[in-house]
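A note on names: the letters A, B, ... follow the listed sequences, proteins ahead of strands, and every chain is numbered from 1.
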Amino acid sequence: MCYDIKTSLEKQLRRALLDGSKADAQEIAEKLKIFTKEDIELHHASGFKHPQMFIYTQETPDTPTVATWGLVPEWVADKESIWNKTLNARGETIFEKASFRDSATNKRCLIYLEGFYEHHHKNGKTYPYFIKHKEKDLFAVAGLWSEWQNELGELLKTFSIVTTKGNLLMADIHNNPKLPEPRMPLILTADMESQWLDGKLAQNDIEKLIKPLAGDKLVAHTVGPIKGKKASGNLPQASLEVNYAELQVSQLGLF
DNA sequence: CCAGACGTTGTT
DNA sequence: GTCTGG
DNA sequence: CCAGACGTTGTT
DNA sequence: GTCTGG
């Protein structure tokens, strides 16, 4: 799964500012004193190394916190050894896995996305699809976060995106024959969002929230390459529709 | 997708 | 070059 | 007891 | 930090 953590930065920044201003991402970032102009340029130009994102936690549910993608549990000695292994957390096991259980209990968060990417396999080729919500510009996905301290006492906030079984739409798109089943991020409806951030909610009730959003709430279209030489990079145009002639007669029947 | 292996003998 | 494992 | 893992996906 | 496998 590939998230639009790169391309939705601008909308994230707008949301964070909580006003309808037409300022561009850099102006907003400077106002927020979260990212510098250089950070934004680097973000747009860079690949996948330690991407930063806004998360919304129970402590400050209305104010975003900057966190690095790839949860580093507080007890880890070397953050490099784990950060890119914890981009996702399987919803089925977040209360069992050593890396996630403390966060599952005490540090749940929300991340807002415009959509995410999956690759469809057909005749030995792969085609990237962008999947978004039919009704929402930005939707919340469930996350877990953690605060790690290095030997100098410096704090690093990190997060993982919780995944769940893929719905019917995902089963059609995400048909990599090597995978046992499709997966998708845990997308939350508005009332589930507040529950996910409710620190008093029992484990049993949290687990009830971990289920795939119905496929008819999502819509998908093909996009240009998102990785490699021809990729457009960390820019909004990465999610623009691009059609492939060989897919014109869709066998999926869904889009 | 990409990185890495890709092999056999049996005393180096 | 092609397959496999991650 | 101690060393080692602690994770998910398959193009983030 | 805590659990597992050896």
Side-chain angles (χ1 to χ4, degrees), chain A residues 1-9 12 43-44 46-55 67-107 111-122 124-132 141-150 158-166 170-171 173-187 210 212 222-235 238-239 242 244:
Chain A
M1 208 167 328
C2 173
Y3 302 96
D4 73 331
I5 278 183
K6 312 165 293 269
T7 61
S8 71
L9 181 67
Q12 284 286 320
H43 179 87
H44 281 155
S46 74
F48 299 117
K49 191 96 176 156
H50 301 277
Q52 293 200 324
M53 189 64 175
F54 292 129
I55 63 172
T68 302
W69 193 14
L71 188 147
V72 179
E74 59 181 26
W75 40 262
V76 156
D78 171 22
K79 67 177 164 48
E80 296 301 321
S81 66
I82 196 164
W83 82 270
N84 64 351
K85 298 177 181 174
T86 51
L87 300 168
N88 291 114
R90 289 181 68 88
E92 295 88 335
T93 55
I94 51 173
F95 289 101
E96 298 162 19
K97 299 292 182 182
S99 296
F100 298 130
R101 61 188 164 211
D102 294 340
S103 296
T105 306
N106 301 312
K107 287 186 164 63
I111 301 102
Y112 289 89
L113 305 177
E114 286 180 72
F116 55 96
Y117 301 92
E118 290 288 3
H119 286 81
H120 180 70
H121 292 241
K122 188 179 177 185
K125 288 189 152 188
T126 63
Y127 301 90
Y129 279 81
F130 185 67
I131 298 145
K132 58 185 183 178
V141 298
L144 302 176
W145 68 285
S146 176
E147 204 160 31
W148 179 84
Q149 208 174 123
N150 71 7
T158 59
F159 72 97
S160 287
I161 292 179
V162 176
T163 65
T164 187
K165 193 168 143 46
M170 297 309 301
I173 297 176
H174 195 199
N175 64 346
N176 187 332
K178 288 182 182 173
L179 293 179
E181 62 163 13
R183 304 288 298 173
M184 63 183 277
L186 174 52
I187 299 169
I210 304 173
T222 44
V223 296
I226 57 177
K227 187 90 196 277
K229 277 181 195 167
K230 294 179 193 164
S232 57
N234 296 343
L235 295 165
S239 58
V242 172
Y244 296 85

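Here the C1' atom of nucleotide E:dT2 and the CD atom of A:Glu74 are 12 Å apart, to the nearest Å. Rounded to an integer number of Å, the gap from NE2 of A:His174 to C1' of D:dT8 is 11 Å. In this structure, CD of A:Gln149 is placed 12 Å from P of E:dG1, rounded to the nearest angstrom. As rounded to whole Å, 12 Å separates atom C1' of D:dT8 from atom CD1 of A:Ile161. What separates CZ of A:Phe100 from P of D:dG7 is a distance of 7 Å, to the nearest Å. For the pair A:Trp148 CH2 and E:dG1 C1', the computed distance is 15 Å after rounding to whole Å. Atoms CZ (A:Arg183) and C1' (D:dT8) sit 9 Å apart, rounded to a whole Å. Whole-Å rounding puts the A:Leu144 CG to D:dG7 C1' distance at 13 Å.
Spacing between D:dC1 and B:dT8 at atom P, rounded to whole Å, works out to 46 Å. Across the C1' atoms, D:dC2 and B:dT9 are found 37 Å apart, a figure rounded to whole Å. Comparing C:dC3 with B:dG7, their P atoms sit 12 Å apart, to the nearest whole Å.
A:Thr86 has no side-chain polar atom (N or O) that falls below the 4.0 Å cut-off from OP1 or OP2 of D:dT9. Taking only side-chain nitrogens and oxygens, A:Arg90 never comes nearer than 4.0 Å to OP1 or OP2 of D:dT8.
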Mind listing the N/O atom pairs, protein and nucleotides 2-6 of chain D, below 3.5 Å?
unit_1: D:dC6; atom_1: O3'; unit_2: A:Ser99; atom_2: OG; d: 3.0

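Between the side chain of A:Trp148 and the main chain of A:Val76, a donor-acceptor pair closer than 3.5 Å is present. Between the side chain of A:Tyr244 and the main chain of A:Val223, a donor-acceptor pair closer than 3.5 Å is present. A donor-acceptor contact shorter than 3.5 Å links the side chain of A:Trp69 to the backbone of A:Leu87. With A:Ser146 contributing its side chain and A:Leu71 its backbone, the two residues share no donor-acceptor pair below 3.5 Å. The backbone N or O of A:Gly91 sits nowhere less than 3.5 Å from a side-chain atom of A:Thr164 that would complete a donor-acceptor pair. No donor-acceptor pair under 3.5 Å is formed between the side chain of A:Thr158 and the backbone N or O of A:Thr68.
The CD1 atom of A:Ile94 lies 5.0 Å from the CG atom of A:Leu144; values are rounded to the nearest 0.5 Å.
Within 6.0 Å of atom NZ in A:Lys107, more than 12 heavy atoms from other residues, nucleotides or ligands are found, so the atom counts as buried in its surroundings.
Note on A:Ser160: nothing from the nucleic acid sits closer than 4.0 angstrom, heavy atoms only.
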statement: Encoded 5' to 3' (Watson-Crick or G-U under 3.5 Å; [ ] crossing; | other strand), DNA chain D becomes ||||||......

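The pair A:Arg90-A:Glu96 does not meet the salt-bridge criterion, since no charged nitrogen lies less than 4.0 angstrom from a carboxylate oxygen.
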